[in-house]
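What you see is a predicted model; the values in this text were computed from it and never measured. Just so we're on the same page: letters track the sequence lines, and every chain starts at 1.
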Amino acid sequence: MSDTGITVSKKDNFSEWYVEVVQKSCLADYAPIKGCIIFREQSYAIWEKIQELFNKKIKSSGHKNVYFPMFIPESFLKKEAEHFEGFVPEVAWVTQGGETILEEKLAIRPTSETIIYSTFAKWIRSWRDLPIKINQWCNVVRWETKATKPFLRTREFLWQEGHTAHKTSEEAKKEVFDILDEYKDIMEKFLAIPVLVGIKTDNEKFAGALYTTTLEALMPDGKALQMGTSHNLGQNFAKVFNIEYVGEDKKNHKVWQTSWGISTRLIGALIMVHGDDRGLVVPPQVASVQVVIVPITYKKGDSSAIIEKSKEILENLEKNNISAVLDDRKEYTPGWKFHEWELKGIPIRIEIGPRDLKQNQITLARRDTYQKTNAKIEDTVQATKSLLDEIQENLYVTAKERLLEKITKVDDYEAFKDTLKTKGGFLKAAWCGKSSCEEKIKAETGATIRLKPFMKESSTDKCILCNEESEEIVYFARSY
RNA sequence: GGGGCUGUCGGCUAGUUUGGUCUAGGCUUGUAGACUUGGGCUCUAUAGACCCCGGUUCAAAUCCGGGCAGCCCCA
């Protein structure tokens, strides 16, 4: 085993393992600026896949892609007080252009509500202008001071931010939950990462929102990761930016708004949830290369028949919409290639050598379980397709089992602290609804309320901390 | 937000405690070639580093200060 491969095991040293996979699988490299990474070919390919999937979804429901400037005048950002308070600690500012000191400094967008909504105010006049449903793919900057980690917490990252304006509260609410469903679909069906959905507490909600819905996944080290959020902004921004329309009733009304986003953080989750001691594992649905064909050839003896057959298989796969590559490099041994493609997480490897050819078969090796099987050459497409489905399913099911295993109901504070320390994961506990309890638990244990479930679970439990009448059962966890 | 650790060829590692005959590796990687090929094979030749700035000193990889970067723990 050489150092081109992964040298620490995921189980023994998760943090080191993550850093190795990120770099050695060509996902990212560190940039010369603290907290910034270079998105390399492997991660960008996954990002493009996510873009493709999400664009398809939102376009079919009438959203349009647009692009707004990355600079936001300070006065805009300040208009919604809670929003400004929430973001100002991590805003990067432009104060100078060339030699000229700017009269008003410009924020590099940490999120674009303010600049977009100031424009909405110009665009919206009549009820006929509504709804407006736009989305943009862009970068945002949040000047993190805490320890940064590739993909999970970086100063600059890529995301999409959707922004909508509606006539009614009901319509806005529907939008929030429709998007939440689309996010869940992408995470579970495509990234094969199971998530819990719910509502954030007031402490954790988006600054300026009425409420925030969230999707939370669990990482193998027992910490929760926020995968995406969809906010109901109510009329908070409509009021400060004066976004009004004349309704059919000829009266002025303020619009109801939503905003929502997912980011390149999803890539970090994918690495952590599926990766193993051989490197990255990419779920077939988001793999830009689903199959690699490695011919087993010999210098002595004629290998042209094997290469010919490999090319034939490649064409056949591509014809059937399976994305495949043929690795016929002569300078590397088959074993070397196996390791390299495993490091990069390609779901299926097809081996074809003299023995296979003689028996008119191929060998299929799956990335998730390392299992090898054989198939007749004429059955290649079918065998590959069903194996891809199986891998996709297996990755999801395995992750789901791990998630469920790490959801623990706790009844008292000692058990809470103990479980958090020894097992991690999500802790279901009763909570009285007071911010003071939430904050005290955070200060004492590091765990925060990740979400309140949509369906309130009936319970007679008392608050885990203060023992007063509890409002509901919520999910706590330590998080990224 | 608080604390700790670390920075040496492309990668990994030793040397720092006690400044000097210190630069080093029989490891890996790159390059050229040979050999091999159903799981990172082997051999030959060759290339390549003390994070940055400043200070102490006759002398700094080593000590001191600052910066930058990375990791870990706690909140």
Could you check which of B/U37, B/G39, B/C71 has an atom nearest any side-chain atom of A/P150?
B/C71

Nearest-nucleotide 5' precedence on RNA chain B, A/G446 against A/T148
A/T148

From the options B/C71, B/G38, B/G40, select the nucleotide whose nearest atom is closest to the side chain of A/W336.
B/G40

Across all strands shown, which nucleotide pairs with B/A34 by Watson-Crick or G-U wobble geometry, both distances under 3.5 Å?
B/U42

Between the base of B/G39 and the side chain of A/R349, is there any donor-acceptor pair under 3.5 Å?
yes

Between P of B/G10 and CD of A/E20, the distance in whole Å:
19 Å

Could you tell me which nucleotide pairs with B/U62 by Watson-Crick or G-U wobble geometry, both distances under 3.5 Å, or answer none if nothing does?
none

Using the P atoms only, state how far B/C9 lies from B/U18, rounded to an integer number of Å.
26 Å

Row check, A/Y480 ring normal vs A/K223 NZ/CZ: under 6.0 Å, within 45°:
yes

Both distances below 3.5 Å, Watson-Crick or wobble geometry, any strand: find the nucleotide opposite B/C71.
B/G4

B/U17 versus B/C63 - spacing of their C1' atoms, nearest Å
11 Å

Rounded to whole angstrom, note down the P distance from B/A14 over to B/C58.
33 Å

Parallel, tilted or perpendicular for A/F87 and A/H83, by the 30°/60° rule?
tilted

Base, sugar-phosphate or nothing for A/K442? Non-hydrogen atoms, less than 4.0 Å.
sugar-phosphate

Distance in Å, A/I348 CD1 paired with A/L388 CG, rounded so as to fall on 0.5 Å steps
3.5 Å

When the C1' atoms of B/C52 and B/A61 are considered, how many whole Å apart are they?
14 Å

Taking any heavy-atom pair under 4.0 Å as a contact, classify A/E342: base, sugar-phosphate, or nothing.
base

Expressed as a whole number of Å, how far does the P atom of B/U42 sit from that of B/G55?
49 Å

So what does A/G353 touch, heavy atoms closer than 4.0 Å: a base, only the sugar-phosphate, or nothing?
base

B/G70 phosphate, OP1 or OP2: any side-chain N/O from A/K34 under 4.0 angstrom?
yes

Starting at the 5' end of RNA chain B and moving along, which residue's nearest nucleotide shows up first, A/K337 or A/T445?
A/K337

Identify which nucleotide among B/G38, B/G40, B/C71 has an atom closest to any side-chain atom of A/R355, counting heavy atoms from C-beta outward.
B/G38

Suppose you measure atom C1' in B/G11 against the same atom in B/A47; what distance do you get, rounded to whole Å?
15 Å

Could you work out which one of B/G39, B/U37, B/C74 sits closest to the side chain of A/R478?
B/C74

Roughly how many Å apart are B/U57 and B/U62, using the P atom of each and rounding to a whole number?
16 Å

Indicate, with a heavy-atom threshold strictly under 4.0 Å, whether A/K372 touches base, sugar-phosphate, or nothing.
base

Pairing partner of B/U56, by Watson-Crick or G-U wobble and under 3.5 Å for both distances, is none

Check the orientation of A/H231 and A/F206. Use parallel for under 30°, tilted for 30 to 60°, and perpendicular for over 60°.
parallel

Please tell me which of the listed nucleotides, B/G39, B/G38, B/C41, lies nearest to the side chain of A/E351?
B/G38

When you measure from the side chain of A/Y30, which nucleotide among B/G70, B/G39, B/G38 comes out closest?
B/G70

Provide the distance between the two P atoms, one in B/G30 and one in B/C41, to the nearest whole Å.
11 Å

Complement of B/C9, any strand, by Watson-Crick or G-U distances under 3.5 angstrom
none

Are any of the side-chain nitrogens in A/K462 or A/E468 under 4.0 Å away from the carboxylate oxygens of its partner?
no

Charged tip of A/K428 within 45° of A/F426 ring normal and under 6.0 Å
no

Taking the basic N atoms (NZ, or NE/NH1/NH2) and the acidic carboxylate oxygens, is any pair closer than 4.0 Å for A/R367 and A/D276?
yes

Is there a donor and acceptor pair, one atom on the side chain of A/E340 and one on the base of B/G40, closer than 3.5 Å?
no

